[in-house]
Amino acid sequence: MTLKTEVLKPDADGIATAAGLLAAGALVSFPTETVYGLGADARNGKAVAGIYQAKGRPSFNPLIVHCADAAMARTFGVWNAPAETLARAFWPGPLTMVLPLVPGHGLSSLVTAGLDTVALRVPRHPAAQRLLRAFGGPLAAPSANPSGRISATTAAHVLAGLGGRIAAVLDDGPCPVGLESTIVGLAGPTPVLLRAGGVAAEEIEAVLGAPLAVDDGAEIIAPGQLASHYAPEASVRLNATTARGAEVHLGFGPMDCDLNLSPSGDLAEAAANLFEYLHRLDATGAAIAVAPIPETGLGLAINDRLRRAAAPRD
Ligand code: TXA
Ligand code: MG
């Protein structure tokens, strides 16, 4: 499907159009002080699935949830003392904090890739700020580049990579920082540097008055890594056209089953439901049989996730 990607100005009209498109579940790229983000309503699973579709990403990675201010961020992440300190010092700005999810957060489980933590950021770019306020809710936004390509720091980069695949780009010139946000993990006992970025680690340590643990990939979990992703307790069997014995059956397309990712066979709907349905079936305690999912488009990321869930574990 080819869209005509609108180029919007960061004036009142452009912001209102962008906010309206986002509210309708469309994808809009917007500038932040770090890089251009590819935004979707973080509460709308199908919209978030569209991000993966547009980027051509063959796997699901948890996404950063962009908020207008710390008050909005607190409705999604469980606050603690270091979060308070860092938010005061660096928000709005190029700092992302990973915190435990607040119960009843309302975010799509595709945003967190089924994890029980969420990455939160309050950007300071004026156009991002105005858009978040006009939209009035959380925006999931990875960098606005096709999978495997470098991040976009101008609207021209966004159009070159994603033109025809997204509804609009809000063009406000080049991004001043040009480097992604620093990610600090605050969901464990000590603050951890998960990704270096726009705020120097030394500045964060100075404000915290303590050194940051460094993600060494061993004990602590790196962003986007296999180990950080939600794995069901139950065993998972793939390409199952029917359930055997006591298995619960996760379906796709028209069929009889316990839960159906998309009765109509829509891959975006299936992606939007994937983590939530795996959690629900896992809670039954039974083994999970999963119907075949086509290896095309979003099916690649869905199957990647399912293969990890089905892989033997220690
Ligand atoms: O500057 C930025 O951060 C840009 C702009 C658009 O805000 N966004 C960005 O998003 O770089 P993305 O999706 O390209 O990178 C997000 C990183 C990924 O490495 C992801 O694994 C990590 O954040 N992440 C997201 N949620 C996480 C979580 N709950 N736990 C650990 N890492 C998480
Ligand atoms: Mg990126």
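Every number for a ligand or one of its atoms is a count from 1 in the order of the listing.
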Which of the numbered atoms in ligand 1 are below 4.0 angstrom from a heavy atom of [X]?
{"X": "Gly37", "result": "6 (C)"}
{"X": "Ile183", "result": "17 (C), 22 (C), 23 (O)"}
{"X": "Arg195", "result": "2 (C), 3 (O), 9 (C), 11 (O), 15 (O), 16 (C), 17 (C)"}
{"X": "His66", "result": "5 (C), 6 (C), 7 (O)"}
{"X": "Val35", "result": "4 (C), 5 (C), 6 (C)"}

Are the side chain of Thr5 and the backbone N or O of Gly164 linked by a donor-acceptor pair below 3.5 Å? yes

For Ser181, does its backbone N or O pair with a side-chain atom of Arg195 as donor and acceptor, under 3.5 Å? yes

Would Thr112 count as a contact residue for ligand 1, given that I'm defining contact as a non-hydrogen atom of the residue lying under 4.0 Å from a ligand atom? no

Taking the non-hydrogen atoms of Ala141, is any one of them nearer than 4.0 angstrom to ligand 1? yes

Any chain of hydrophobic side-chain contacts (each under 4.5 Å) joining Leu101 to Leu99? yes

Honestly curious: do Val7 and Ile15 fall in one hydrophobic cluster under the side-chain, below-4.5 Å linking rule? no

Which is it for Thr117 and ligand 1 at heavy atoms under 4.0 Å: side chain, backbone, both or neither? both

The option among Ser181, Ala119, Gly178 carrying the non-hydrogen atom nearest to atom 2 (C) of ligand 1 is Ser181

Indicate if the distance from the Mg ion (ligand 2) to the nearest N, O or S atom of Ser151 falls below 2.8 Å. no

Taking N or O atoms only and a 3.5 Å limit, does Arg121 qualify as a polar contact for ligand 1? yes

For Ser143 and Asn145, does a side-chain donor sit closer than 3.5 Å to a side-chain acceptor? yes

For the side chain to side chain contact (heavy atoms under 4.5 Å, CB included) test, which of Thr34, Thr96, Ile204, Val177 pairs with Val199? Ile204

Where does the angle between the aromatic ring planes of Trp79 and Trp91 fall among parallel (under 30°), tilted (30 to 60°) and perpendicular (over 60°)? tilted

Less than 4.0 Å between a side-chain N and a carboxylate O, is that true for Arg121 and Glu33? yes

